[in-house]
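Written below as structure tokens is the structure these notes are about.
Numbering of residues begins at 1 and proceeds along the displayed sequence.
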Amino acid sequence: MQQRENTFHDHFEITSYMVDEKQRLSPIFIFYLMQDIAVRHCAITGASWEFMHEHQLFWALSRTEVEIVRRPNWHEQIEVTTWEKKPNYLIQPRDHQIETLDGETLVRSTSNWVLLDAEGKPRTLEGFEHLLHPQLDLHAIERPAARLRESAISDEQQPLFKPVLFSHLDMNHHVNNASYVLWAIDDFDKEFLRSHELTSLSLNFIQQMRGDDSYGIYRKEIAPGQFLSSIVSMNEKVEVCRVRTTWKEEE
């Protein structure tokens, strides 16, 4: 992808702690890298975490869609690029693309972010327009991140609740976005994960989870190789996140 104005990118080497037993970049580290590059881009545009914290505001991810063409291998060099897209009232879209240094597309992603105040209420971007530098004609994924209307919750399942751990939390004292990815994927058994490869992932965040909570997961297959997971809060007794994953069998 040719670099353009108002995009931000950096090079990374896939190190040993980023890969799974297949020696490929693990899905959770895909999210870590995208978070890292987005935070650094925001800092350059003036919307750093420190600036937002000073104004008692923070960005929250509401939806994201990720397409995985190929997961890079251990030692491989990659370039991660991010940019903002045209805002839509409460929604600030952001795209990511991961490529090899030769320009091979590995991962494409689009996401929706909302600005929240100290009480967790959405607010408009009015007054912060100067911090936004959108690309109007550049898309990693042109369509908006999918809205997952269906829930996986059913009376036939009784999920095992596990505590939210300190390592699951972010600087805002909420569960880190990537932790939901980790939970949803680890809900599959090892035999399935060893014989299948993740090709796409969609997340819808409904409510934030905090560190004094526990989570449970409902899961159902909605099409061959496609699963819907509902992550629920034990304290609030509500669904907090929906995750749709698509898999192909390893060749």
Please answer whether the main-chain N or O of [Y] pairs with a side-chain N or O of [X] as donor and acceptor at a distance below 3.5 Å.
| X | Y | answer |
| --- | --- | --- |
| T81 | F8 | no |
| R242 | R149 | yes |
| H96 | M34 | yes |
| N176 | D170 | no |
| H55 | F51 | yes |
| S62 | N112 | yes |
| D102 | E104 | no |
| E84 | H133 | yes |
| H168 | L165 | yes |
| S179 | V175 | no |

Is the F58 ring parallel, tilted or perpendicular to the H174 ring (thresholds 30°, 60°)?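 Judged by the thresholds at 30° and 60°, the geometry between F58 and H174 is tilted.
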Should the ring pair H11 and H9 be called parallel, tilted or perpendicular, given that the plane angle runs from 0 to 90° and is split at 30 and 60?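 Tilted, since the angle between the ring planes falls between 30° and 60°.
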Does [atom1] belonging to [X] count more than 12 external heavy atoms closer than 6.0 Å?
| X | atom1 | answer |
| --- | --- | --- |
| Q56 | CD | no |
| H173 | NE2 | no |
| E221 | CD | yes |

Aromatic ring proximity, centroids under 6.0 angstrom, H41 and W83: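 Between W83 and H41, the centre distance exceeds or equals 6.0 Å.
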Check whether the ring centres of F188 and F227 lie less than 6.0 Å apart, and answer yes or no.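 Yes, ring centres under 6.0 Å apart.
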Kindly indicate, with the supporting measurements, whether the criterion salt bridge (Lys or Arg N to Asp or Glu O under 4.0 Å) is fulfilled by E67 and R143. CA-CA 12 Å; E67 295 178 354; R143 66 183 183 277; 2.8 Å; yes
One thing to verify: whether [Y] and [X] come together as a salt bridge, which I'm taking to mean a side-chain N less than 4.0 angstrom from a carboxylate O.
| X | Y | answer |
| --- | --- | --- |
| D95 | R108 | no |
| R219 | D187 | yes |
| E150 | K220 | yes |

Answer yes if M209 and L116 sit in the same cluster of Ile, Leu, Val, Met, Phe, Trp and Tyr residues linked by side chain heavy atoms under 4.5 Å apart, and no otherwise.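 No, separate clusters.
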Under a 4.5 Å side-chain heavy-atom rule over Ile, Leu, Val, Met, Phe, Trp and Tyr, are Y218 and V243 clustered together?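 Y218 does not cluster with V243.
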Report the C-alpha distance between S111 and R63 in whole Å, list the side-chain angles of each, state the deciding distance to 0.1 Å, and finish with yes or no for side-chain hydrogen bond (donor to acceptor under 3.5 Å, both in side chains). CA-CA 5 Å; S111 55; R63 298 181 195 171; over 6 Å; no
With rounding to the nearest 0.5 angstrom, report the [atom1] to [atom2] distance, [X] to [Y].
| X | Y | atom1 | atom2 | value |
| --- | --- | --- | --- | --- |
| D36 | F31 | CG | CZ | 14.5 Å |
| L201 | T246 | CG | OG1 | 8.5 Å |
| F205 | T64 | CZ | OG1 | 8.0 Å |
| I217 | Y180 | CD1 | OH | 11.0 Å |

Testing the basics here: between F192 and D189, what is the closest heavy-atom pair and its distance to 0.1 Å?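 Nearest heavy atoms, F192 then D189: N-OD1, 2.7 Å.
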Would a 4.5 Å heavy-atom cut-off, applied to side chains only, mark [X] and [Y] as touching?
| X | Y | value |
| --- | --- | --- |
| L203 | V181 | yes |
| I91 | W113 | no |
| N73 | I14 | no |
| R94 | C42 | yes |

Can you confirm whether the side chains of E65 and T110 place a donor and an acceptor under 3.5 Å from each other?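 No, T110 and E65 have no side-chain donor paired with an acceptor closer than 3.5 Å.
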Indicate whether the side chain of E239 and that of S230 have a donor and an acceptor atom separated by less than 3.5 Å.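 Side-chain D/A pair, E239 to S230: present.
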Name of the residue among K248, K22, R70 meeting salt bridge (charged side-chain N to carboxylate O under 4.0 Å, His left out) with E197: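 Single salt bridge (charged side-chain N to carboxylate O under 4.0 Å, His left out) partner of E197 among K248, K22, R70: K22.
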Could you check T7 against Q135 for side-chain contact (heavy atoms from CB on, under 4.5 Å), going step by step and ending with a plain yes or no? CA-CA 8 Å; T7 65; Q135 278 281 355; 4.0 Å; yes
Lys NZ or Arg CZ of R24 over F29 ring: under 6.0 Å, within 45°: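 Ring-cation test returns no.
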Just do the side-chain contact (heavy atoms from CB on, under 4.5 Å) check on R210 and D213 with the steps written out, would you? CA-CA 6 Å; R210 295 184 178 272; D213 209 341; 5.7 Å; no
